[in-house]
K.L.:
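What follows is a structure written as C-alpha cells; I'll ask about it next.
Here is how names work: the chains are called A, B, and so on, in the same order as the sequence lines, proteins then strands, and each is numbered from 1. Scope of the values below: all heavy atoms of this structure, side chains included, with no hydrogens, waters or symmetry mates.
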Amino acid sequence: MSNEIRRNMALFPIGIVMKLTDLTARQIRYYEQHELVIPARTDGNQRLFSFNDVERLLEIKALIEKGVNIAGIKQMLKPVNRDSEEATVITEQTQAKRRELSDAQLHRMLKQQLTERRPGQVSLIQGELSRFFQ
DNA sequence: TTTCTGACA
DNA sequence: TGTCAGGA
C-alpha cells in the first residue's frame, strides 16, 4: 500500500522527467495544457512529477509515436485524478500499465538513465531517488 | 542554474 | 514543436 503513496509522490522537476521520457519541456508542458498529465506544483510554481506521471508520459509518448493525436490519447487514457491526500484509485489503466511496465523494470530504467550522468551530478539525482530504494 | 508563461517563426 | 523574452 505504501507503494501507492510513493508512486504518487511528486518529486522530480521537469528537467529529470525530460531525461527519463526523452520528451522536451515544451512537449511535457503542452501535454499538461491538454490535461494528459497533471503534475503537482510546489514552492515557486515548479512542476513536480511522480512516478505515475512519468509512466503516463511514457504512455503518451508511445501513443504519439504511433501517430495518435491529443484527442485520441485523451480518450484512451483515463482522466487524471489529483487527490494530494486521498489514496490512489486503481483504475483499469493503472493495472494495464503494471502489465507492461513493472516496478522493477521502471526502477531499472531509471537507474540506467540516471547513472549515465556526470559523476558530479549523479549524487544529486540519486539523492532524490533514494527514498524509493529504501 | 533551472523552470515558468506567453508568444511567434 | 522549437525557441526567445523576461521573471522568479
Side-chain angles (χ1 to χ4, degrees):
Chain A
M1 304 308 163
S2 65
N3 274 309
E4 293 306 319
I5 298 177
R6 289 205 288 268
R7 299 184 70 72
N8 287 296
M9 184 159 57
L11 40 56
F12 8 74
I14 200 166
I16 301 295
V17 179
M18 286 175 66
K19 293 166 185 167
L20 261 35
T21 63
D22 268 346
L23 292 170
T24 65
R26 180 75 172 77
Q27 291 177 296
I28 296 170
R29 291 172 186 140
Y30 179 73
Y31 301 151
E32 182 190 6
Q33 283 181 21
H34 290 272
E35 303 176 274
L36 265 39
V37 289
I38 314 292
R41 297 278 186 154
T42 58
D43 63 296
N45 195 40
Q46 305 280 102
R47 268 168 271 252
L48 286 185
F49 300 78
S50 66
F51 270 87
N52 280 332
D53 291 327
V54 174
E55 285 186 59
R56 207 183 167 77
L57 283 170
L58 288 174
E59 291 266 317
I60 295 168
K61 182 193 173 192
L63 292 174
I64 289 292
E65 294 177 330
K66 281 187 176 181
V68 183
N69 55 43
I70 301 297
I73 296 176
K74 279 185 182 177
Q75 299 176 60
M76 305 181 77
L77 266 43
K78 282 265 194 288
V80 193
N81 326 311
R82 252 305 167 266
D83 316 75
S84 50
E85 51 182 336
E86 285 298 353
T88 305
V89 176
I90 308 298
T91 65
E92 298 139 78
Q93 302 306 312
T94 302
Q95 295 178 52
K97 287 179 201 166
R98 293 277 165 79
R99 273 179 244 125
E100 303 173 55
L101 191 65
S102 69
D103 286 10
Q105 292 178 307
L106 179 59
H107 283 182
R108 181 175 143 290
M109 181 190 83
L110 291 173
K111 275 188 181 178
Q112 180 191 313
Q113 291 188 37
L114 293 174
T115 296
E116 62 182 61
R117 285 294 113 199
R118 285 165 228 108
Q121 304 181 296
V122 178
S123 61
L124 223 179
I125 298 173
Q126 293 186 326
E128 294 190 75
L129 293 174
S130 66
R131 66 193 77 174
F132 284 97
F133 300 135
Q134 289 172 50

K.L.:
Excluding sequence neighbours, so at least two apart, what forms salt bridge (charged side-chain N to carboxylate O under 4.0 Å, His left out) with A/Arg41?
P.N.:
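Per chain and number, A/Arg41 pairs via salt bridge (charged side-chain N to carboxylate O under 4.0 Å, His left out) with A/Glu32.
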K.L.:
On a heavy-atom basis, which atom in A/Leu58 and which in A/Leu20 lie closest, and how many Å separate them?
P.N.:
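Shortest heavy-atom contact: CD2-O, 4.1 Å.
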K.L.:
Over all heavy atoms of both residues, which pair between A/Phe49 and A/Pro13 is shortest? Give the atoms and the distance, please.
P.N.:
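Taking A/Phe49 first and A/Pro13 second, the nearest heavy atoms are CD1-C, 4.3 Å.
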K.L.:
What does nucleotides 3-9 of chain B look like as a protein-contact string, B for base, S for sugar-phosphate only, - for none, at under 4.0 angstrom between heavy atoms?
P.N.:
SSB-B--
K.L.:
Based on Watson-Crick and G-U pairs with both distances under 3.5 Å, what dot-bracket line describes DNA chain C 5' to 3', crossing pairs as [ ] and inter-strand pairs as |?
P.N.:
.|||||.|
K.L.:
Looking at CD1 of A/Ile64 and CG of A/Leu36, how far apart are the two atoms once the value is rounded to the nearest 0.5 Å?
P.N.:
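Atom-to-atom, A/Ile64:CD1 and A/Leu36:CG are 7.5 Å apart.
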K.L.:
With heavy atoms of chain A within less than 4.0 Å as the criterion, where does contact along DNA chain C begin and end?
P.N.:
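Contact span on the strand: C/dT1 to C/dT3.
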K.L.:
Are A/Tyr30 and A/Ile70 close enough that some pair of their side-chain heavy atoms sits under 4.5 Å apart?
P.N.:
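Side-chain contact under 4.5 Å: yes.
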K.L.:
Rounded to the nearest 0.5 Å, what separation is found between the CD1 atom of A/Ile16 and the OG1 atom of A/Thr21?
P.N.:
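Going from CD1 on A/Ile16 over to OG1 on A/Thr21, the span is 11.0 Å.
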K.L.:
Going by the rule side-chain contact (heavy atoms from CB on, under 4.5 Å), which residues pair with A/Gln27 if we only count those two or more places apart in sequence or in a different chain?
P.N.:
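Residues passing side-chain contact (heavy atoms from CB on, under 4.5 Å) with A/Gln27: A/Leu23, A/Thr24, A/Tyr31.
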K.L.:
Should A/Val17 and A/Asp53 count as side-chain neighbours, where that means a heavy-atom distance under 4.5 Å?
P.N.:
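No, side chains not in contact.
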K.L.:
Only counting residues at least two apart or in another chain, list the ones meeting side-chain contact (heavy atoms from CB on, under 4.5 Å) with A/Ala25.
P.N.:
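Checked A/Ala25 against side-chain contact (heavy atoms from CB on, under 4.5 Å); matches are A/Ile14, A/Met18, A/Arg29.
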K.L.:
Mind checking what makes side-chain contact (heavy atoms from CB on, under 4.5 Å) contact with A/Thr42, not counting sequence neighbours?
P.N.:
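Applying side-chain contact (heavy atoms from CB on, under 4.5 Å) to A/Thr42 gives A/Leu48.
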